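It should be emphasised that the depicted structure is a prediction, and the values quoted were computed from it without experimental measurement.
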Amino acid sequence: MEPLTVIARLTAKDGSEEKLRGVLQGLVAPTRAEAGCLTYELHRSHDQPNLFMFTESWASRSAWEAHMKAPHLVAFGEQQAELCHSWELFTGEKI
């Protein structure tokens, strides 16, 4: 089975850019410690400072699905509407 690639694109609400950055940075260490996490990188756009992206690689879809149920992701989900104007999720495989 090929690893799962995930790209998450989040746009902060006006005035929430720095708060969202801090919350997203707080997800990095616990996620990297999860079983099946191969890479988990947070990026911020130079051109659009309210745009953040995670590039992720997971050993399997089931590992990523477990990640989505992890307490730190559930807690972020509860804040997402307050901090994010929009978000998109890509899941696929490297070819």
Side-chain angles (χ1 to χ4, degrees):
M1 178 183 299
E2 293 294 318
L4 178 71
T5 298
V6 177
I7 301 171
R9 178 184 167 117
L10 303 99
T11 305
K13 287 185 175 178
D14 289 342
S16 295
E17 297 86 357
E18 294 308 313
K19 184 171 182 182
L20 180 60
R21 177 187 174 150
V23 170
L24 296 178
Q25 284 180 306
L27 299 176
V28 174
T31 297
R32 287 181 178 165
E34 291 178 41
C37 179
L38 304 175
T39 61
Y40 192 78
E41 303 292 335
L42 175 60
H43 309 269
R44 185 177 193 175
S45 171
H46 285 169
D47 300 324
Q48 295 175 265
N50 66 335
L51 176 60
F52 299 87
M53 294 183 84
F54 280 107
T55 55
E56 312 171 29
S57 184
W58 295 88
S60 64
R61 180 171 281 278
S62 61
W64 174 70
E65 289 171 350
H67 160 68
M68 295 302 288
K69 296 175 185 172
H72 57 280
L73 256 287
V74 172
F76 171 65
E78 293 169 357
Q79 296 177 294
Q80 200 166 5
E82 170 193 339
L83 299 174
C84 295
H85 171 69
S86 65
W87 66 278
E88 298 173 33
L89 197 62
F90 165 88
T91 59
E93 62 186 38
K94 185 176 180 178
I95 56 173

What pairs with Glu41 under salt bridge (Lys or Arg N to Asp or Glu O under 4.0 Å), at least two apart in sequence or on another chain?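 Salt bridge (Lys or Arg N to Asp or Glu O under 4.0 Å) check on Glu41 returns Arg32.
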Going by the rule salt bridge (Lys or Arg N to Asp or Glu O under 4.0 Å), which residues pair with Glu93 if we only count those two or more places apart in sequence or in a different chain?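 Salt bridge (Lys or Arg N to Asp or Glu O under 4.0 Å) list for Glu93, sorted by chain: empty.
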Begin from the C-alpha positions of Phe90 and Thr55 and carry the test side-chain contact (heavy atoms from CB on, under 4.5 Å) through to its verdict. CA-CA 10 Å; Phe90 165 88; Thr55 55; over 6 Å; no
Does the side chain of Thr11 come within less than 4.5 Å of Trp87's, by heavy atoms?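 The answer is no, as the side chains (C-beta and beyond) never meet within the 4.5 Å cut-off.
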Using distance only, find each side-chain donor-acceptor pair of residues 21-31 under 3.5 Å and give its atom names and separation, not counting sequence neighbours.
from  : atom 1 : to    : atom 2 : distance (Å)
Thr31 : OG1    : Leu27 : O      : 2.7
Thr31 : OG1    : His72 : NE2    : 3.0

Which residues end up grouped with [X] if you chain together Ile, Leu, Val, Met, Phe, Trp and Tyr wherever their side-chain heavy atoms are less than 4.5 Å apart?
X     : value
Val74 : none
Ile95 : none
Leu38 : none
Leu51 : none

Pairs in or reaching into residues 21-43: which pass ring pair (Phe, Tyr, Trp, His ring centres under 6.0 Å), with residues at least two apart or in two chains?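 Sorted pair list: Tyr40-Phe54, Tyr40-His67.
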With ring pair (Phe, Tyr, Trp, His ring centres under 6.0 Å) as the rule and sequence neighbours excluded, what pairs involving residues 10-32 come up?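 Qualifying pairs, neighbours excluded: none.
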Please list all pairs passing the side-chain hydrogen bond (donor to acceptor under 3.5 Å, both in side chains) test where one or both residues lie in residues 74-85, with sequence neighbours left out.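 Sorted pair list: Lys19-Glu82.
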Is Leu4 reachable from Leu42 through a run of hydrophobic residues whose side-chain heavy atoms are each under 4.5 Å from the next?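 Yes, Leu42 and Leu4 fall within the same hydrophobic cluster.
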Would a single hydrophobic cluster contain both Ile7 and Met68, if residues Ile, Leu, Val, Met, Phe, Trp and Tyr are joined by side-chain heavy-atom contacts under 4.5 Å?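 No: no chain of side-chain contacts under 4.5 Å links Met68 to Ile7.
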Restricting to side-chain contact (heavy atoms from CB on, under 4.5 Å), what partner residues turn up for Ala66, sequence neighbours left out?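 Ala66: no side-chain contact (heavy atoms from CB on, under 4.5 Å) contacts found.
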In chain order, what residues pass the side-chain contact (heavy atoms from CB on, under 4.5 Å) check against Thr39, with sequence neighbours excluded?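 So Thr39 forms a side-chain contact (heavy atoms from CB on, under 4.5 Å) with Ser57.
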Please report the closest heavy-atom contact between Trp58 and Ala35, naming both atoms and the distance.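 Result for this residue pair: CZ3-O, 4.1 Å.
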Is the shortest side-chain N to carboxylate O distance from Lys13 to Glu18 below 4.0 Å?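 Answer for the salt bridge query: no.
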Rounded to the nearest 0.5 Å, how far apart are OG of Ser45 and CZ of Phe52?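 The CZ atom of Phe52 is 9.5 Å from OG of Ser45, to the nearest 0.5 Å.
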